[in-house]
Structure formats: C-alpha cells, structure tokens
Amino acid sequence: MKCFHFTSDEDDEQNGVVSRKVSWVRSLSVASTNLDSRRSEFDTESRRDWADSSELFRDFLTQGRANDLRVFTFSELKSATRGFSRSLLIGEGGFGCVYQGRVKPADSGPGWDSEMDVAIKQLNRNGCQGHKEWINEVNFLGVVKHPNLVTLIGYCADDDERGIQRLLVYELMGNKSLEDHLLTRSSASSALPWVMRLKIAQDAARGLAYLHEEMEFQLIFRDFKTSNILLDEDFNAKLSDFGLAKQGPAAGSAHVSTSVVGTVGYAAPEYVHAGKLTAKSDVWSFGVVLYELITGRRVLERNLPRGEQKLLEWVRPYVSDPKKFHLILDQRLEGQQSCMKSAQKLASLANKCLMKHPRSRPKMSEVTEMLGNIISEADECESNNGSVESVEVKTSKEENNGRKKGFDFRELVLRNRSIGKLDWRNWTPSLVRT
C-alpha cells in the first residue's frame, strides 16, 4: 500500500501560513452547538503542499503496519451502505457523513457468508481540508494500534462519474459517542452513572497519554471533545477523528506555530490567540471535557441566559465554594452517594488542566494516574454505601413490621425467659402508626 505522508511540524511556517490572533470572544460567537465548527486558515501554498514529512515519522511509517489496511472499492462501500441510505446515517459533521454498513472480513473466501458491522466515513469532496484530514487518518491510524484509539480497517480512494471519492472504514462503536449519552436530555435512569463517567475519562486520558508520551514521535490530537470519544458495547472509550492531529514540536522547539483549527470552546487560549500548539493544548481540552462530565452541559449553550452560556465561566464561582458546588453537579446524578466528594476532586483536576500557563498543566500520564485514584475512592465509597443501604433497608423493614404488630411477642418472651408463660404485667404497649 502506498502511504500518504503526515503533515510535518514546520509545514505551516514553510508554506507561508500566518497565524492571526483570533479573539476568544469572537471565536465563541461563531460557535454551532449542532455541527462541528472548524476554522482553518490555509493559504494557497499550504493547499498545494501537504506531503513533506519529518524523517522520524517517515521511518516510523516504513516500519509500521501500513499493509494491514484493506483497500475497498467505492462500489463495495456503496453496496455496504445500501447506496449511502439516510436510514443508515449515524453521524454528520464538517468532514462529511458517517454510515453504518456491513462488509466481509479481509480473510474471507469466495463462499464466506459472514459479514462484520463497520462505520464508513465519506468525506466531502469539496475543500482541501477534507482531503488532508483523510490523508492524516490513513497515515496515522494505518500504523498505530492502541486499546483507546479507534481501529481503522481500511480506506477507499476511487474516482467515479461524480469525481474523487475518499472514504474511511472503521470498527463500529456500538454505543456511539460520549456526547450522545452525556449531553442529550435523557432521564436520570438512562444517564451515565458517575463511576462510568470517571472510567470513560480515564480511557480517554490513556489515549492522549499514548499520543503524547508513548510513541516514537509526539502527536497532538488538536480536536479533543466529547463527540470524538466513542464508546464500544462495554462502554470502553476510544479516541476517533484524527484528521486535525499534528506532530509535536521538533527537538529544541517549545511549540508548533500553526493555523488555528478545531472546535470552538475546547481550544487552549495560547493556541487560539497566538497559534502556539503544544501537547498541553490537548490537556486544556481534556479539562473542559471533565467539566462537561461533572455538569452534563455543553461547553457552549446559546439557549441559556448570557451569564450561563459559557461553561467555564458559569462554573467558576461555584467550584471555589464547597457549599455551592452541588449547584453545578448534573441533576441526573442525584442519589448516587459517591458523586459529590469525587466530583469535587475531579473539578480540582480539571482546574489543574485549565491552568493559564501551559507548563503549569500536568502531563496526561499524570492525569491518568490521578483519575485512577479518584476512581478507586469512588468505587470504595459506592461499595460502602451499598452495604450501608442494605442494612438500613433491612432495619427499616423490621421496624415497619414491628409497628404493624403493635408489640413484639418474641421480645416479650425473651424478657420473661419463659415460652409457656407470659408476664403481661411487664408489657408496655408500642406506638401503632395509624
């Protein structure tokens, strides 16, 4: 398979991309709560040259598992989605549409009847950014495997009568995205339990830690948000959509100077205002998602009063006051006794991720470790509360039974130490509830 080279660290500077200072308030004003809001500042030269890559990444590609990807024809994927039927549409955004489909496994023979469910992303043919995203995903996910990164099965690069077709085929994640579960107004019974939210955050943190610290080169995700955290049938979380991912700064450089892209509300301030991109930019985005887990609210809500529209501004006065903290906690979590204390600890971790200076923010490996401690305490608290609740329920039943009887003959018998003879003179009536 021919590999497409990943965009290098210096591409934007060499190609003449100038990072303009973008007002944070202005950027928030153009947000969309329904579709991904992606802003790109590519000039003519950056559109023309995407192929230059660093030697380190090029070497990594040659040693990777690029040949594991399956090459699909457009007709195969069209048949798999019943002509890209709207009834099979499971996602839609600035990149294009995602459909559920069924394809035969790569090792199946001519008489093989079994099929596997997959997610098929069809990128928009208009605009260079969609093509660039497609190249990025093929290059990166084609050579890397991790339990907390979505698996890319194959791709399609065909031409038909309508033009160039660029598609990607992923494993199907049965429980959709974290956004689908967290930010939809579901009932309390169907809401994500608190401990599950913590474990999803830990899975996502492990994925980012792998990108930042555990590979031969550093990769900055650059678009971390709830809609890019997918959940499998067991609610294990995996990061998806690597179209905007970018290689980290070269040795001796503190940051990558690049154009500002991503989703409004999640980008770090130093990246938005000055185009300075580092791994700590992803850490900031992770802090925003932690507050979404705590509150069950979007990072930006246009239909709320002005003072409550921006999530980070709304939670600020409540986080510093323990007596008011419960006012920002997702109301669907009421009754889960392990929430409050660990939610406050999670908010403290989120604040560390949202420090103004990037160097003050923790690394994702440190975040993963701190989340593990919070989860352990929450699990222990939940198990203790479960045992206490069972004792309370048992005691309550006994008390209610006693009240129905009016008095307890067994207690009366024990008091007189005689089964055959009852001393009614020592009996005192109990209260009977009417």
Side-chain angles (χ1 to χ4, degrees), residues 22-39 93 177-186 191-192 194 197-198 200-201 204-205 208 221-229 237 260 262-273 280-334 339-340 342-356 358 361-362 367 371 374:
V22 182
S23 167
W24 186 242
V25 177
R26 175 180 170 274
S27 66
L28 285 172
S29 67
V30 298
S32 170
T33 57
N34 296 324
L35 298 178
D36 297 344
S37 298
R38 299 190 175 194
R39 296 178 298 104
S177 72
L178 175 59
E179 180 184 44
D180 292 322
H181 291 270
L182 185 65
L183 302 179
T184 55
R185 292 294 91 191
S186 58
L192 282 176
W194 176 248
R197 298 187 190 201
L198 293 176
I200 290 172
L208 286 180
F221 193 74
R222 203 157 58 148
D223 199 21
F224 183 81
K225 56 185 176 181
T226 53
S227 62
N228 285 341
I229 302 173
V260 180
T263 303
V264 171
Y266 293 92
E270 73 278 0
Y271 176 46
V272 171
H273 294 302
K280 296 299 180 71
S281 303
D282 283 346
V283 178
W284 173 283
S285 304
F286 190 84
V288 176
V289 170
L290 289 184
Y291 269 120
E292 287 184 296
L293 287 169
I294 293 170
T295 63
R297 286 182 44 173
R298 297 179 185 274
V299 67
L300 187 67
E301 290 278 11
R302 287 293 182 192
N303 58 345
L304 292 176
R306 184 179 297 272
E308 300 180 15
Q309 291 182 0
K310 300 174 186 177
L311 178 61
L312 297 185
E313 293 184 3
W314 173 65
V315 301
R316 188 177 295 120
Y318 299 99
V319 173
S320 57
D321 189 348
K323 295 181 180 179
K324 295 181 179 180
F325 183 83
H326 68 279
L327 296 175
I328 66 171
L329 192 64
D330 190 345
Q331 295 180 356
R332 295 170 294 178
L333 295 173
E334 290 182 0
C339 289
M340 186 60 64
S342 61
Q344 290 175 329
K345 292 185 177 181
L346 192 67
S348 177
L349 174 57
N351 291 340
K352 293 177 181 177
C353 296
L354 295 169
M355 295 292 287
K356 180 179 180 181
R361 300 168 199 160
V367 172
L371 277 170
I374 295 174

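Throughout, numbering of the chain's residues begins at 1 and tracks the sequence. Because the structure is predicted, anything quoted here is derived from the model rather than measured.
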If we only count heavy atoms from C-beta on, is the Tyr266 to Val289 side-chain gap below 4.5 Å?
yes
Rounded to the nearest 0.5 Å, what separation is found between the CD1 atom of Ile294 and the CG atom of Leu333?
10.0 Å
Where the side chain of Asn228 meets the backbone of Lys225, is there a donor-acceptor pair that is under 3.5 Å apart?
no
Any chance you could measure Arg302, atom CZ, to Lys310, atom NZ, to the nearest 0.5 Å?
7.5 Å
Contact list for residues 263-272, test salt bridge (charged side-chain N to carboxylate O under 4.0 Å, His left out), sequence neighbours left out
Glu270-Arg361
Results of side-chain hydrogen bond (donor to acceptor under 3.5 Å, both in side chains) for Tyr291 - residues two or more places apart only
Asn351
For a quick test of reading the model, state the closest non-hydrogen atom pair linking Ala237 to Ala204 and the distance between them.
CB-N, 4.5 Å
Heavy-atom closest pair (Ser281 atom, Ala268 atom, distance to 0.1 Å) is CA-CB, 4.0 Å
Search all heavy atoms of Lys352 against all heavy atoms of Pro362 and return the closest pair with its distance.
O-CD, 3.4 Å
Which residues pass the side-chain contact (heavy atoms from CB on, under 4.5 Å) test with Asp321, sequence neighbours left out?
Lys323, Lys324
Taking the side chain from Arg332 and the backbone from Leu182, do they hold a donor-acceptor pair closer than 3.5 Å?
yes
Go through the steps to decide whether Glu301 and Trp314 satisfy the test side chain to side chain contact (heavy atoms under 4.5 Å, CB included), and finish with yes or no.
CA-CA 11 Å; Glu301 290 278 11; Trp314 173 65; over 6 Å; no
Identify the two heavy atoms, one from Ile374 and one from Ser342, that lie closest to each other, and give their separation to 0.1 Å.
CG2-CB, 3.9 Å
Without swapping roles, check the side chain of Glu292 against the backbone of Val299 for a donor-acceptor pair under 3.5 Å.
yes
State the CD1-NE2 distance between Ile200 and His181, to the nearest 0.5 angstrom.
7.5 Å
Here the gap from Asn303 atom CG to Arg298 atom CZ, rounded to the nearest 0.5 Å, amounts to 9.5 Å
Can you check whether Leu300's main-chain N or O pairs, donor with acceptor, with Gln309's side chain at less than 3.5 Å?
no
By side-chain hydrogen bond (donor to acceptor under 3.5 Å, both in side chains), Thr226 pairs with (sequence neighbours left out) none
Please report the closest heavy-atom contact between Leu311 and Arg297, naming both atoms and the distance.
CD2-O, 4.1 Å
Please report the interatomic distance CD1(Ile229) to CG(Leu293), rounded to the nearest 0.5 Å.
7.0 Å
Is any side-chain heavy atom of Leu346 closer than 4.5 Å to a side-chain heavy atom of Leu371?
yes
With distance as the sole test, does Ser348 use its side chain to make a donor-acceptor pair with the main-chain N or O of Gln344 at under 3.5 Å?
no
Please tell me whether Asp180 and Ser177 have a donor and an acceptor in their side chains that are separated by less than 3.5 angstrom.
yes
Minimum side-chain heavy-atom gap Val367-Leu208 below 4.5 Å:
no
Contact summary for Gly287 and Cys353, nearest pair of heavy atoms
CA-CB, 3.7 Å
Counterpart residues, ring pair (Phe, Tyr, Trp, His ring centres under 6.0 Å), relative to Phe286 (two or more places apart):
Phe224
CD1/Ile328 to OG1/Thr295 distance, rounded to the nearest 0.5 angstrom?
7.0 Å
